[in-house]
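The structure appears below as structure tokens.
Hydrogens, waters and symmetry mates are skipped; everything else that's a heavy atom, side chains included, is used. Small disclaimer: the values here were computed from a predicted structure and weren't measured. Residue numbers count from 1 along this sequence.
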Amino acid sequence: MADFEQYAVQHSDGRWLYHLPTPREHRSARRISVLADGKPMSELPGTQGLWWSSDRAAHRITARFRLGREVVGYRLRDLSARSERFPEQLSVDQWRERTRADHGEVFLELYESVTEEQPEQEYVYGTDFKALGGAEPPSPDGPAWVAELPYTLTERPEYRHLFPGYLAGLLEALTAQIRALPHVEYCHTARRGDPVGLKVTIKVPFRQPVSRWQPNIGANGRVLKSGRNVPVTVRHTLHLPVRDEVPGSDYASALATWHELLELWTGVVGEANVRACNTCDGTGHVLDVDDAARCRS
């Protein structure tokens, strides 16, 4: 592994979290266990085996790797071809030397590899972990976190979620949720010149259904005598002053605010998403009536 500072995350629930990438020399091996001071550690779900947790601060972290089978030599496929040039057995070094020659393809046809199961190997991650306070790393499916990292951590993305920054993409996430609500006709980001945020258009029916006659249009564009009754709806337009970025002291706090904002603004649209009043034709007020009859929609 590269020579860099290692960090441990002290979780608020008492666990200690460690980022433990597979060592370069064992990338083709299978990691069969990770131990903190000899006790098994737990892999964090969704982190592809990179993050592990312990119930205490570890003084020594080790991993055991199963290397599988390794080529230890080569042998003739057909012993009748044995000769001084083509001996029955070749070491790995002999094989490399002879296959570099002009007729290396001949050896590829005549010989097969000999493999042996390799013993398990232990790898020590080290003992000097600097403690950082925070929560678990974000899920790959979550909103993108842009962190303001100290210079020494600018190339350590596994620790970004522990530092101040912001979540990007709230407008897109909120748009998807609002479009799934009933009666929503349009939901899009504000156009140039409009206030920042989302513009939502809702088409709601009346409390007492209202319809109008709509004639059919023929292929030549002429109005036909036939037609149908279509529901009459009222269109409401909302402006939601939402910004795309959600700042926070770390990923966990910003994510909590993210979910609060999603709930808040979908709730605002949901409250406006009610049937229109027949008395006021959906305008919200009635003219030329006394206060007792005034529409309250």
> Would you call Thr201 and His236 a side-chain contact if the rule is heavy atoms closer than 4.5 Å?
Replying inline: no
>> Quick check: do Arg31 and Arg64 have side-chain heavy atoms less than 4.5 Å from each other?
In response: no
>> Test of understanding: clusters of I, L, V, M, F, W, Y form through side-chain heavy atoms closer than 4.5 Å, transitively. Do Tyr186 and Val184 belong to the same one?
In response: no
> Looking only at heavy atoms, which two atoms of Pro247 and Ala254 are closest? And how far apart?
Replying inline: O-CB, 3.9 Å
> Would you say the side-chain atoms of Asp37 pair up with the backbone N or O of His59, donor to acceptor, closer than 3.5 Å?
Replying inline: yes
> Can you tell me if CD on Glu116 sees more than 12 non-hydrogen neighbours from other groups inside 6.0 Å?
Replying inline: no
>> For Phe107 together with Tyr74, are the ring centres under 6.0 Å from each other?
In response: no
> How long is the span from the CG atom in Leu240 to the CG atom in Leu261, to the nearest 0.5 Å?
Replying inline: 11.5 Å
> Met41 and Tyr123: same hydrophobic cluster, using ILVMFWY side-chain contacts below 4.5 Å?
Replying inline: yes
> What's the shortest heavy-atom distance between Leu255 and Pro143, and which atoms?
Replying inline: CD1-CG, 4.0 Å
> Does the side chain of Arg222 come within less than 4.5 Å of Ile217's, by heavy atoms?
Replying inline: no
>> Is there a continuous path of hydrophobic side-chain contacts, each under 4.5 Å between heavy atoms, that joins Leu181 to Leu264?
In response: yes
> Hey, are the side chains of Leu174 and Trp265 touching, using non-hydrogen atoms and a 4.5 Å cut-off?
Replying inline: yes
> Would Arg235 and Lys203 satisfy side chain to side chain contact (heavy atoms under 4.5 Å, CB included), going step by step from the backbone distance to the final call?
Replying inline: CA-CA 4 Å; Arg235 181 180 277 108; Lys203 288 178 63 175; 3.6 Å; yes
>> For Glu263, is the CD atom crowded, meaning more than 12 foreign heavy atoms sit under 6.0 Å from it?
In response: no
> To the nearest 0.5 Å, how far apart are CG in Leu171 and NE2 in His188?
Replying inline: 12.5 Å
> Going by heavy atoms in the side chains, are Ile61 and Leu35 under 4.5 Å from each other?
Replying inline: no
>> Determine whether Tyr111 and Leu76 satisfy the following criterion, side chain to side chain contact (heavy atoms under 4.5 Å, CB included), listing intermediate values before the conclusion.
In response: CA-CA 4 Å; Tyr111 285 86; Leu76 276 174; 3.6 Å; yes
> Roughly how far apart are Arg66 CZ and Glu120 CD, rounded to 0.5 Å?
Replying inline: 4.5 Å
> Side chain of His11, backbone of Ser53: donor and acceptor closer than 3.5 Å?
Replying inline: no
>> Quick one, Leu262 with Leu170, criterion side chain to side chain contact (heavy atoms under 4.5 Å, CB included). Give me CA distance, side-chain angles, the key distance, then yes/no.
In response: CA-CA 8 Å; Leu262 288 179; Leu170 181 64; 3.8 Å; yes
> Side chains of Pro40 and Val34: closer than 4.5 Å at any heavy-atom pair?
Replying inline: no
>> Can you confirm whether Thr266 sits close enough to Val269 that some side-chain heavy atom of one is under 4.5 Å from a side-chain heavy atom of the other?
In response: no
>> Is there a path of hydrophobic side-chain contacts, each under 4.5 Å between heavy atoms of I/L/V/M/F/W/Y residues, joining Trp258 to Val268?
In response: yes
>> Please report the interatomic distance CD(Glu271) to CG(Leu238), rounded to the nearest 0.5 Å.
In response: 10.5 Å
> Ignoring hydrogens and geometry, is there a side-chain-to-backbone donor-acceptor pair from Thr257 to Ser253 under 3.5 Å?
Replying inline: yes
>> In the structure I gave you, are the side-chain heavy atoms of Leu167 and Glu245 within less than 4.5 Å of one another anywhere?
In response: no
>> On a heavy-atom basis, which atom in Ala8 and which in Tyr18 lie closest, and how many Å separate them?
In response: CB-CE2, 3.4 Å
> Between CD of Gln177 and CD of Glu172, what distance do you get to the nearest 0.5 Å?
Replying inline: 12.0 Å
>> Let me confirm one number: the OG-CH2 distance from Ser42 to Trp51, rounded to the nearest 0.5 Å.
In response: 15.0 Å
> So, for Val200 and Cys187, which heavy atoms are closest and what is the spacing to 0.1 Å?
Replying inline: CG2-SG, 3.9 Å
> Hey, is the main chain of Arg85 close enough, under 3.5 Å, to the side chain of Arg98 for a donor-acceptor pair?
Replying inline: yes
> Mind checking what makes salt bridge (charged side-chain N to carboxylate O under 4.0 Å, His left out) contact with Arg15, not counting sequence neighbours?
Replying inline: Asp13, Glu136
> Between Arg75 and Glu88, does at least one N-O distance fall below 4.0 Å, as a salt bridge requires?
Replying inline: no
>> Minimum heavy-atom separation for Ala81 and Leu110, please, with both atom names.
In response: CB-CD2, 4.5 Å
>> Let me check something: do Val114 and Val71 share a hydrophobic cluster, defined by ILVMFWY side-chain heavy atoms less than 4.5 Å apart, either directly or through other members?
In response: no
>> Evaluate His239 against Lys199 for side chain to side chain contact (heavy atoms under 4.5 Å, CB included), listing each step before the verdict.
In response: CA-CA 5 Å; His239 170 252; Lys199 188 174 183 180; 5.6 Å; no
>> I'd like to know if the side chain of Tyr251 reaches the main chain of Pro164, judged simply by a donor and an acceptor atom lying under 3.5 Å from each other, with no hydrogens or angles considered.
In response: no
>> For the backbone of Phe65 and the side chain of Gln121, can you confirm whether one donor and one acceptor N or O come within less than 3.5 Å of each other?
In response: no
> Cut-off 3.5 Å, side chains only: do Ser91 and Asp93 have a donor facing an acceptor?
Replying inline: no
